[in-house]
Amino acid sequence: MNRIDASEHYDESGFTSQTPSLLTVVIDTNPRAWAAIHDQLPISKAIANILVFINAHLAFGNDNRVAVIAAHTNRAVWLYPSPSSNNSGRLPGSSRRRNGPDVEMAGVDHRRLGTSPNKYPQFAQIESAILSSLRFLIENTNTSDLAPTTTLISGALSMALSYTHKTSLAFEPPKTSADPANPTTAPSTQPSAPNLHARILVLSVSQSEPSQYISTMNAVFAASHARIPIDTLSLYSAPTFLQQAAFITGGIFLSASSNPRGLLSCLMFGFLADTEARKSLVTPTQDSVDFRAACFCHRRVVDTGYVCSICLSIFCEMPENAECLTCGTKLAVGNYGARPAVVPRRKKKRKRVNGAGGGGGGAGGGREETGSATGTPVPP
Ligand SMILES: [Zn+2]
Ligand SMILES: [Zn+2]
């Protein structure tokens, strides 16, 4: 029968279920930055493009998850899953029922759902939740929030990492207790396949804030350790620390600052593949990475500086009393700035010793000049 309907390739014996993929989108919602590019790409259009991208990610697999965080000027806010479900103590959107409903209904305007029979309900729920959370955030942004010109990217990254960790735990297979009657069933030492492919995408519209250097890099190294790539799509400038984040974690950094209107194309063709699919793809890479760091003393991005040999703190200038501001180690700088003292090498005539009588130990040819005054001692 299989041969007749050509369905023998539907062999379910070797079928393995798809590993779910979690996409955490961090949206830079700095009002000043969005005002700067409003003529080219207003935030409303950008959100519409992001929703299309999120729907495409969810459509790739039944178990795929999404989380959206707004990195605002002075705080990081959950847009989806809705904040109300966070307060309940239960992990939002992480029902252990693999095929069950994924969406917390709290905070969702039910009247708006189901109005279009042509829209997949889950897409409508997520869209409604993100839009209502974003509207709430904008309405609750007052002038005091606009005083800092920065964006709290580091806080949003930390929230994304903690949510990824929680979701990963929810997907862990249940632990089976060891059978005491059969001691031979030792736990397998084989590395198990990951139960969740997670990645973080930052939509950035502002430059990196040097005061967040340490916290941002801590989050980046934590993501690198957990093998979570941090992708960045920059719409306005080239954020220094996020370039480094993509480089360190193996993520993708793309800049659409020349034409922000192409946001959807960049998202769909540059960032849709999850970590598993990227193994088979040649992903876009950065031509150059801005590796500059921020000094620990003034939070300035510096090209060259002093580095404590103990704790690797970076200083743009010598700290007072030459003591590291972080760990207190007395730093010995020596003659900083002086030309390195290079002893001119004396030109020696190369002696060529032939035969065994020279004591060369069978080395044959002449010894390489090492600059050392004495040769290698030989046994008598
Ligand atoms: Zn400094
Ligand atoms: Zn130190």
K.L.:
Is it true that a side-chain atom of Asn55 and a backbone atom of Phe123 form a donor plus acceptor pair closer than 3.5 Å?
P.N.:
no
K.L.:
Looking at CG of Leu263 and CG of Asn49, how far apart are the two atoms once the value is rounded to the nearest 0.5 Å?
P.N.:
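Result: 4.5 Å between the selected atoms.
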K.L.:
Ignoring hydrogens, what is the shortest heavy-atom contact between Met217 and Ile248? Give both atom names and the distance.
P.N.:
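Heavy-atom minimum between the residues: CE-CD1, 3.7 Å.
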K.L.:
Please check if any side-chain donor atom of Ser257 sits under 3.5 Å from a side-chain acceptor atom of Ser255, or the reverse.
P.N.:
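Checked: Ser257/Ser255 side chains pair up, N/O donor to acceptor below 3.5 Å.
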K.L.:
Should Thr240 and Gln207 be marked as a side-chain contact (heavy atoms from CB on, under 4.5 Å) after you check the CA-CA gap, both sets of side-chain angles, and the distance that decides it?
P.N.:
CA-CA 7 Å; Thr240 305; Gln207 181 55 273; 3.6 Å; yes
K.L.:
Test side-chain contact (heavy atoms from CB on, under 4.5 Å) on Ile69 and Thr24 and set out the steps.
P.N.:
CA-CA 7 Å; Ile69 302 170; Thr24 307; 4.0 Å; yes
K.L.:
Closer than 3.5 angstrom, by distance alone: can the side chain of Glu172 be matched with the main-chain N or O of Asn195 as a donor-acceptor pair?
P.N.:
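No; judged by distance alone, with no hydrogens or angles, the pair does not exist.
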K.L.:
Given side chains that start at C-beta, do those of Leu267 and Leu201 come closer than 4.5 Å, heavy atoms only?
P.N.:
yes
K.L.:
When rounded to the nearest 0.5 angstrom, what is the spacing between NE2 in His38 and NZ in Lys45?
P.N.:
9.5 Å
K.L.:
Test Thr326 against every option in Cys311, Cys308, Pro319 by the side-chain contact (heavy atoms from CB on, under 4.5 Å) rule and name the one that passes.
P.N.:
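Testing Thr326 for a side-chain contact (heavy atoms from CB on, under 4.5 Å) against Cys311, Cys308, Pro319 leaves exactly one candidate, Cys311.
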K.L.:
Side-chain contact test, heavy atoms from C-beta onward, threshold under 4.5 Å: evaluate it for Leu137 versus His72 and give yes or no.
P.N.:
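Leu137 reaches His72 side chain to side chain.
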K.L.:
Kindly give the heavy-atom pair with the smallest separation between Ala124 and Lys119, and that separation in Å.
P.N.:
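Here Ala124 and Lys119 meet closest at CB-CD, 3.7 Å.
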K.L.:
With a 4.5 Å heavy-atom cut-off, do His298 and Cys316 have their side chains touching?
P.N.:
yes
K.L.:
Under 6.0 Å from the CZ atom of Phe296, do we count more than 12 heavy atoms belonging to anything else shown?
P.N.:
yes
K.L.:
Indicate the atoms forming the closest heavy-atom contact of Asn30 with Thr73, along with that distance.
P.N.:
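For Asn30 versus Thr73, the nearest heavy atoms are OD1-CG2, 3.8 Å.
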K.L.:
Compare every heavy atom of Ala294 with every heavy atom of Ile314, then report the nearest pair and how far apart it is.
P.N.:
CB-O, 4.3 Å
K.L.:
So do the side chains of Gln18 and Asn62 get within less than 4.5 Å of each other, counting heavy atoms only?
P.N.:
no
K.L.:
Leu254 versus Phe271: any side-chain heavy-atom pair under 4.5 Å?
P.N.:
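Heavy-atom side-chain distance check passes, below 4.5 Å.
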K.L.:
We want to know whether Gln212 and Ser154 form a side-chain donor-acceptor pair, criterion being a heavy-atom distance below 3.5 angstrom.
P.N.:
yes
K.L.:
Just by distance, do the side chain of Asn64 and the backbone of Ser21 share a donor-acceptor pair under 3.5 Å?
P.N.:
yes
K.L.:
May I ask you to test the Val202-Asp231 pair for a side-chain heavy-atom distance under 4.5 Å?
P.N.:
no
K.L.:
Looking at Asp290 and Pro239, would you say the former's side chain and the latter's main chain have a donor-acceptor pair under 3.5 Å?
P.N.:
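Between the backbone of Pro239 and the side chain of Asp290 there is no qualifying donor-acceptor contact (under 3.5 Å).
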K.L.:
Does one hydrophobic cluster hold both Leu242 and Ile228, with members joined at side-chain heavy-atom distances below 4.5 Å?
P.N.:
yes
K.L.:
I'd like to know if Leu152 and Leu161 are part of one continuous hydrophobic network [Ile/Leu/Val/Met/Phe/Trp/Tyr, side-chain heavy atoms within less than 4.5 Å].
P.N.:
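Hydrophobic grouping puts Leu161 apart from Leu152.
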K.L.:
Does Val205 share a hydrophobic cluster with Val68, counting links as ILVMFWY side-chain heavy atoms below 4.5 Å and allowing steps through other members?
P.N.:
yes
K.L.:
With a 4.5 Å cut-off on side-chain heavy-atom distances among I, L, V, M, F, W and Y, is there a chain of contacts connecting Phe253 to Val289?
P.N.:
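Result: no, two separate clusters.
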K.L.:
Tell me if a side-chain donor or acceptor on Ser224 pairs with a main-chain N or O of Thr249 at a distance below 3.5 Å.
P.N.:
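Between the backbone of Thr249 and the side chain of Ser224 there is no qualifying donor-acceptor contact (under 3.5 Å).
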K.L.:
For this output row, return yes or no: ring centroids of Phe241 and Tyr213 closer than 6.0 angstrom.
P.N.:
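When the ring centroids of Phe241 and Tyr213 are compared, they turn out to be within the sub-6.0 Å range.
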K.L.:
Using atom types as modelled and distance alone, determine if a side-chain donor or acceptor of Thr29 lies under 3.5 Å from a backbone N or O of Ala71.
P.N.:
yes
K.L.:
Should Arg261 and Asp39 count as an ion pair when the cut-off is N to O under 4.0 Å?
P.N.:
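Between Asp39 and Arg261 there is no salt bridge, as every charged N stays at least 4.0 Å from the carboxylate O atoms.
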K.L.:
Using atom types as modelled and distance alone, determine if a side-chain donor or acceptor of Arg199 lies under 3.5 Å from a backbone N or O of Thr275.
P.N.:
no
K.L.:
Does any N or O in the side chain of Ser132 come within less than 3.5 Å of the main-chain N or O of Ala129, such that one atom is a donor and the other an acceptor?
P.N.:
yes
K.L.:
Would you call Arg299-Glu209 a salt bridge at under 4.0 Å N-O?
P.N.:
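The answer is no: the pair does not qualify as a salt bridge.
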K.L.:
Would you compute the distance between atom CG of Leu203 and atom CG of Leu233 and round it to the nearest 0.5 angstrom?
P.N.:
5.5 Å
K.L.:
Kindly compute the distance separating CD1 (Ile47) from CG (Leu51), expressed to the nearest 0.5 Å.
P.N.:
6.5 Å
K.L.:
Measure from the ring center of Trp78 to the ring center of Tyr163 and say whether it is less than 6.0 Å.
P.N.:
yes
K.L.:
Any sub-3.5 Å donor-acceptor pair from Lys330's side-chain atoms to Asn321's backbone N or O?
P.N.:
yes
K.L.:
Could you report the tightest heavy-atom contact between Ala46 and Leu41, atom names first, then the distance?
P.N.:
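Looking at all heavy atoms of both residues, the closest pair is CB-CD2, 4.0 Å.
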K.L.:
Would Thr151 and Ser206 count as having a side-chain donor-acceptor pair, cut-off 3.5 Å?
P.N.:
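Judged by distance alone, the side chains do pair up.
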K.L.:
When rounded to the nearest 0.5 angstrom, what distance separates CG in Leu23 from NE2 in His197?
P.N.:
14.0 Å
K.L.:
What about Ile310 and Val307, same hydrophobic cluster or not, with Ile/Leu/Val/Met/Phe/Trp/Tyr joined at side-chain heavy-atom distances under 4.5 Å?
P.N.:
no
K.L.:
Once you round to the nearest 0.5 Å, how far does CG of Leu235 lie from OG of Ser258?
P.N.:
10.5 Å
K.L.:
More than 12 non-hydrogen atoms from neighbouring residues, nucleotides or ligands closer than 6.0 Å to CZ on Phe136, yes or no?
P.N.:
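Atom CZ in Phe136 is not packed in, count stays at 12 or less.
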K.L.:
Mark yes or no for whether Asn142, through its side chain, and Asp145, through its backbone, hold a donor-acceptor pair below 3.5 Å.
P.N.:
yes
